[in-house]
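No hydrogens, no waters, no symmetry mates; every other heavy atom, side chains included, goes into these values. Here the structure is a predicted model, which means the values were calculated and not measured.
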Amino acid sequence: MIGLAYAMSGEIQSILDSAGAKLLETVCGVSIYEIEPGLAAYTGGVGKVNAAMSAQLFIDRYHPDWIVNAGVAGSFLDLPIGTIVLADCFVQHDVDTTPMGDPIGLVSTVNRIDFPTSEPEQAAAILTGLGVEFRTGKVATGEVFMTKGARADWVAETFSPTLCEMEGGAIAQVCLRNEVKFTALKSVSDRLCQANNAEEFFNYGEAMAKLNGIVLPFARKLSQIS
């Protein structure tokens, strides 16, 4: 079983429409759909708490072999809108227990800063085989919709990520603790180096249109190696 993890209903809608997906259930506000046999998807909500709760709920109820987080993200680099990024690692930029002597970004209990994705070489080979142009990079997750400014500069200098978003690091942590494989495909919706507020740069529709044309064939190929 492959599970596709989305945050917002707007992100997932084109896949639901194109695949004729069936709503299986809605539990605690998490809507779960059957895309096709062996492939399900859900919308978990925005932010780390929603992402973690919905990932654990989906794992408990459907026992996936692999979860793929798909969604939009802001880029710290001057990348074109719609650029596809295969995440190779996640960090959580809003975790700070440095007063206790920990390094910045260390997530307690699991005691790590970096959360690598599963079998990135295999995932990259699938995208290449599908003829998808993409790049790989680190993604920083946190409970903030990032815009240009001091906070974005600090995250860039501290963690050197390619992208910034609000859910993937939490899903990566949940998958790690459940020993479920995890991959993330992100589409650039905005450039943090250029804009000062969300209205200036959030090219949501353009970013998701490209990504959702890739997610289903990617997941089908992934199921063959899971």
Side-chain angles (χ1 to χ4, degrees), residues 5-8 10-11 43-52 54-55 68-100 102-108 110 112-117 120 133-176 182-211:
Y6 286 83
M8 298 177 286
E11 291 178 313
T43 52
V46 175
K48 288 168 59 178
V49 174
N50 285 324
S54 57
V68 179
N69 175 220
V72 296
S75 175
F76 287 100
L77 308 179
D78 191 12
L79 298 177
I81 302 302
T83 298
I84 302 300
V85 177
L86 172 66
D88 56 20
C89 176
F90 280 83
V91 296
Q92 298 184 42
H93 66 76
D94 57 352
V95 175
D96 185 354
T97 53
T98 53
M100 304 297 294
D102 296 331
I104 189 69
L106 181 77
V107 179
S108 62
V110 290
R112 62 189 305 152
I113 297 172
D114 295 335
F115 292 82
T117 55
E133 293 185 5
F134 68 98
R135 63 182 298 155
T136 59
K138 181 189 294 185
V139 181
T141 298
E143 295 279 17
V144 57
F145 195 112
M146 197 76 72
T147 57
K148 182 179 179 180
R151 178 67 186 182
D153 291 343
W154 177 84
V155 172
E157 293 167 4
T158 303
F159 297 101
S160 301
T162 300
L163 304 178
C164 186
E165 46 84 87
M166 298 180 68
E167 294 85 27
I171 304 172
Q173 181 178 340
V174 170
C175 285
L176 175 73
F182 174 70
T183 296
L185 290 176
K186 298 293 182 177
S187 182
V188 172
S189 60
D190 48 271
R191 292 182 286 270
L192 299 172
C193 57
Q194 293 184 358
N196 296 306
N197 59 68
E199 288 74 17
E200 289 181 10
F201 62 76
F202 192 39
N203 299 281
Y204 171 86
E206 182 181 349
M208 284 309 303
K210 183 174 182 180
L211 180 60

> So which heavy atom on L163 is nearest to which on V188, and how close?
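What the structure gives for the nearest pair is CD2-CG2, 3.9 Å.
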> Using the test side chain to side chain contact (heavy atoms under 4.5 Å, CB included), find all partners of V144 that sit at least two apart in sequence or belong to another chain.
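For V144 the side chain to side chain contact (heavy atoms under 4.5 Å, CB included) partners, ignoring immediate neighbours, are H93, M146.
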> Looking at CZ of F145 and SG of C164, how far apart are the two atoms once the value is rounded to the nearest 0.5 Å?
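Nearest 0.5 Å value for the CZ-SG distance: 9.5 Å.
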> Taking all heavy atoms of V139 and all of A87, pick out the closest pair and write down the distance.
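Minimum heavy-atom contact is CG2-CB, 3.7 Å.
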> Restricting to non-hydrogen atoms, name the atom on A170 and the atom on T141 that form the minimum distance, rounded to 0.1 Å.
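Nearest pair, atom of A170 first, then T141: N-CG2, 4.3 Å.
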> A156: which residues meet the side chain to side chain contact (heavy atoms under 4.5 Å, CB included) condition with it, sequence neighbours left out?
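Side chain to side chain contact (heavy atoms under 4.5 Å, CB included) check on A156 returns F76.
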> If every non-hydrogen atom of L106 is compared with every non-hydrogen atom of V95, which pair is closest and at what distance?
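So the two residues come closest at O-CG1, 3.1 Å.
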> On a heavy-atom basis, which atom in A70 and which in Y6 lie closest, and how many Å separate them?
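So the two residues come closest at O-CD2, 3.5 Å.
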> For K186 and V72, which heavy atoms make the closest approach, and how far apart are they?
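Minimum heavy-atom contact is CD-O, 4.4 Å.
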> Do any N or O atoms from the side chain of T97 and from the backbone of D102 form a donor-acceptor pair under 3.5 angstrom?
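Here the side-chain-to-backbone pair does not exist.
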> Which residues pass the side chain to side chain contact (heavy atoms under 4.5 Å, CB included) test with L176, sequence neighbours left out?
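Only V110, R112, F115 meet the side chain to side chain contact (heavy atoms under 4.5 Å, CB included) criterion with L176.
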> Main chain of K48, side chain of E167: is a donor-acceptor contact present, judged purely on distance under 3.5 Å?
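No, the answer is negative, given that no donor and acceptor are paired below the 3.5 Å cut-off.
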> Any donor and acceptor pair, going by atom type alone, linking the side chain of D94 with main-chain N or O of E143 inside 3.5 Å?
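Answer holds: yes.
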> From the options V155, D153, T147, select the one residue that forms a side-chain contact (heavy atoms from CB on, under 4.5 Å) with R151.
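Answer after filtering V155, D153, T147: V155.
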> State, with a plain yes or no, whether a side-chain heavy atom of L79 is found less than 4.5 Å away from one of T162.
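L79 vs T162: side chains touch.
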> Would you indicate whether the side-chain heavy atoms of N69 and E165 approach each other to under 4.5 Å?
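E165 vs N69: side chains touch.
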> I'd like to know if the side chain of D96 reaches the main chain of T98, judged simply by a donor and an acceptor atom lying under 3.5 Å from each other, with no hydrogens or angles considered.
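Indeed, once roles are kept as given, a pair shorter than 3.5 Å links the two residues.
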